[in-house]
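This report refers to the structure that appears directly beneath it.
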Amino acid sequence: MGVAIRTAGEGDRELVVRLLDEAFQDDPVSGWVFPGAEDRRANHPGLMAAFTDIVLAAGRIDLTEDGAACALWLSMPADDHDADAEDDDPAQLRQAVDPDNERIEAIGRLTAAVHPSGRAHEYLWMIGVAPGRQGEGLGTALIESVLDRCDREGLPAYLEASSARSRRLYERLGFELAGPVLELPEGGPTMWPMWREPRTSGTAS
């Protein structure tokens, strides 16, 4: 039996924020951005809310019908950015979420610096599965639904894996390392930039 997936709308915002907050509380990168457990409980939901709002406005959030998993995607054009505007984005995010936390701004700048440019692609920004539902294939179903479209349209896909476990999952889905790994400073965890070429020729130019 397949996993039913729909596109989230504004009415799903609180569900998505709560889901991402629960799914990423123990994530290595979230633990680096908010190293104190109390601080993480207090401010992590605000960061997930900011991410949700960005993708609701500029991308697409796929949600399983039962609300147990979601994936945040952005379609990146080949000439993908206004550099001056993007330079301001991490600082604005930090100011909005937790002005005293430099790592909110740092993570945005570090991931932007390794993000490939020059080719249109689908960017999996985040994928979250409710802690009690992990291991059921929900995340894989969410990703594969977009990868199937990428294959039809001849589009690559990109993401940053935030744990060795997720990296192995993405490798099974056809992603490969894209350049050097990203070692977060001050003893932080490793992130793996990963790229997937489409598996079939498509009609996208």
Side-chain angles (χ1 to χ4, degrees), residues 1-34 37 40-76 93 96-97 107 111 121-153 155-175 189 191-192 194-196 198-200:
M1 184 174 172
V3 175
I5 297 169
R6 64 180 176 84
T7 301
E10 289 291 342
D12 299 300
R13 179 183 183 274
E14 295 309 315
L15 168 61
V16 171
V17 172
R18 184 172 66 252
L19 180 56
L20 292 174
D21 180 44
E22 292 174 353
F24 283 89
Q25 275 288 329
D26 295 325
D27 180 77
V29 176
S30 289
W32 179 80
V33 174
F34 301 103
R40 187 156 63 252
R41 283 192 298 272
N43 292 306
H44 188 263
L47 183 60
M48 298 301 103
F51 289 164
T52 299
D53 290 340
I54 289 168
V55 181
L56 280 173
R60 191 185 70 258
I61 298 178
D62 289 340
L63 184 68
T64 58
E65 280 286 3
D66 61 5
C70 64
L72 281 62
W73 292 91
L74 292 173
S75 295
M76 308 297 288
L93 185 63
V97 174
I107 192 68
T111 54
H121 60 277
E122 290 294 314
Y123 174 33
L124 177 57
W125 190 347
M126 301 184 78
I127 184 164
V129 180
R133 301 291 304 279
Q134 293 172 5
E136 297 181 15
L138 300 178
T140 298
L142 283 168
I143 298 170
E144 285 183 332
S145 70
V146 173
L147 295 184
D148 287 346
R149 179 172 62 81
C150 286
D151 289 343
R152 291 194 303 272
E153 297 179 2
L155 277 174
Y158 173 76
L159 55 83
E160 301 105 5
S162 61
S163 70
R165 179 176 177 272
S166 63
R167 174 189 167 183
R168 290 190 293 271
L169 165 64
Y170 300 138
E171 286 175 338
R172 290 197 296 273
L173 294 172
F175 286 87
M191 298 181 75
W192 291 269
M194 303 187 77
W195 182 267
R196 181 188 183 274
R199 288 183 170 171
T200 58

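On a predicted model such as this, the values are computed, not experimentally measured, just so you know.
Ring to ring, Phe51 and Trp125 are close: their centroids are under 6.0 angstrom apart.
Taking OG1 from Thr7 and CG from Asp12, the interatomic distance works out to 10.0 Å, rounded to the nearest 0.5 Å. A distance of 9.5 Å separates CG of Asp27 from CZ of Arg40, quoted to the nearest 0.5 Å. Asn43 CG to Met48 CE: the interatomic distance, rounded to the nearest 0.5 Å, is 11.0 Å. One finds the CG atom of Leu169 at 9.0 Å from the OG atom of Ser163 (value rounded to the nearest 0.5 Å). With values rounded to the nearest 0.5 angstrom, Ser166 atom OG is found 10.0 Å from Leu124 atom CG. To the nearest 0.5 Å, atom CG of residue Leu138 and atom CD1 of residue Ile127 are 9.0 Å apart.
Looking at heavy atoms from C-beta onward, Met191 lies in side-chain contact with Val29 at the 4.5 angstrom threshold. With a 4.5 Å cut-off on side-chain heavy atoms, Leu20 and Leu72 count as touching. Between Phe24 and Leu47 there is no side-chain heavy-atom pair separated by less than 4.5 Å. Counting only heavy atoms from C-beta outward, the side chains of Arg133 and Asp66 approach each other to under 4.5 Å. Side-chain atoms of Pro156 and Pro198, non-hydrogen and from C-beta on, do get closer than 4.5 Å to each other. When side chains are defined from C-beta on, Glu144 counts as touching Leu173, because their heavy atoms get closer than 4.5 Å. The shortest distance between side-chain heavy atoms of Val3 and Thr140 does not fall below 4.5 Å. Between Asp62 and Ser145, the closest side-chain pair of non-hydrogen atoms falls below 4.5 Å.
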- Task: Evaluate the criterion side chain to side chain contact (heavy atoms under 4.5 Å, CB included) for residue pair His121 and Trp195; output intermediate values, then yes/no.
- Result: CA-CA 9 Å; His121 60 277; Trp195 182 267; 3.8 Å; yes
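Residues Ala50 and Leu93 approach most closely at CB-CD1, 3.4 Å, considering heavy atoms. Pairing each heavy atom of Arg41 with each of Pro45, the nearest pair is O-CD, 3.4 Å. Closest approach of Val16 and Cys70 over heavy atoms only: CG1-SG, 4.1 Å. Closest approach of Leu19 and Ala130 over heavy atoms only: CD1-N, 3.5 Å. Considering every non-hydrogen atom in both Ala49 and Val17, the closest pair reads CA-CG2, 3.6 Å. Scanning all heavy atoms of the two residues, the minimum distance from Ile5 to Ala141 falls at CD1-O, 3.6 Å.
The residues Arg18 and Glu14 are annotated as not salt-bridged, no charged nitrogen and carboxylate oxygen being separated by less than 4.0 angstrom. Of the charged side-chain nitrogens involved, at least one lies within less than 4.0 Å of a carboxylate oxygen, so that Arg196 and Asp151 count as a salt-bridged pair. Between Glu171 and Arg168 there is no salt bridge, since none of the side-chain N atoms of the basic residue sits less than 4.0 Å from a carboxylate O of the acidic one.
Side-chain contact of Glu160 with Tyr170: a donor-acceptor pair under 3.5 Å is absent, judged by distance alone. For Glu122 and Ser75, the side-chain atoms include at least one donor-acceptor pair closer than 3.5 Å.
With sequence neighbours left out, Asp53 forms a side-chain hydrogen bond (donor to acceptor under 3.5 Å, both in side chains) with Arg13. Residues that satisfy the side-chain hydrogen bond (donor to acceptor under 3.5 Å, both in side chains) test with Ser30, not counting sequence neighbours, are His44.
A distance-only check finds a donor-acceptor pair linking the side chain of Gln134 to the backbone of Val129 [under 3.5 Å]. Between the side chain of Arg6 and the main chain of Glu65, no donor-acceptor pair closer than 3.5 Å is present.
The only option from Tyr123, Phe175, Trp73 that meets the ring pair (Phe, Tyr, Trp, His ring centres under 6.0 Å) definition with Tyr158 turns out to be Tyr123.
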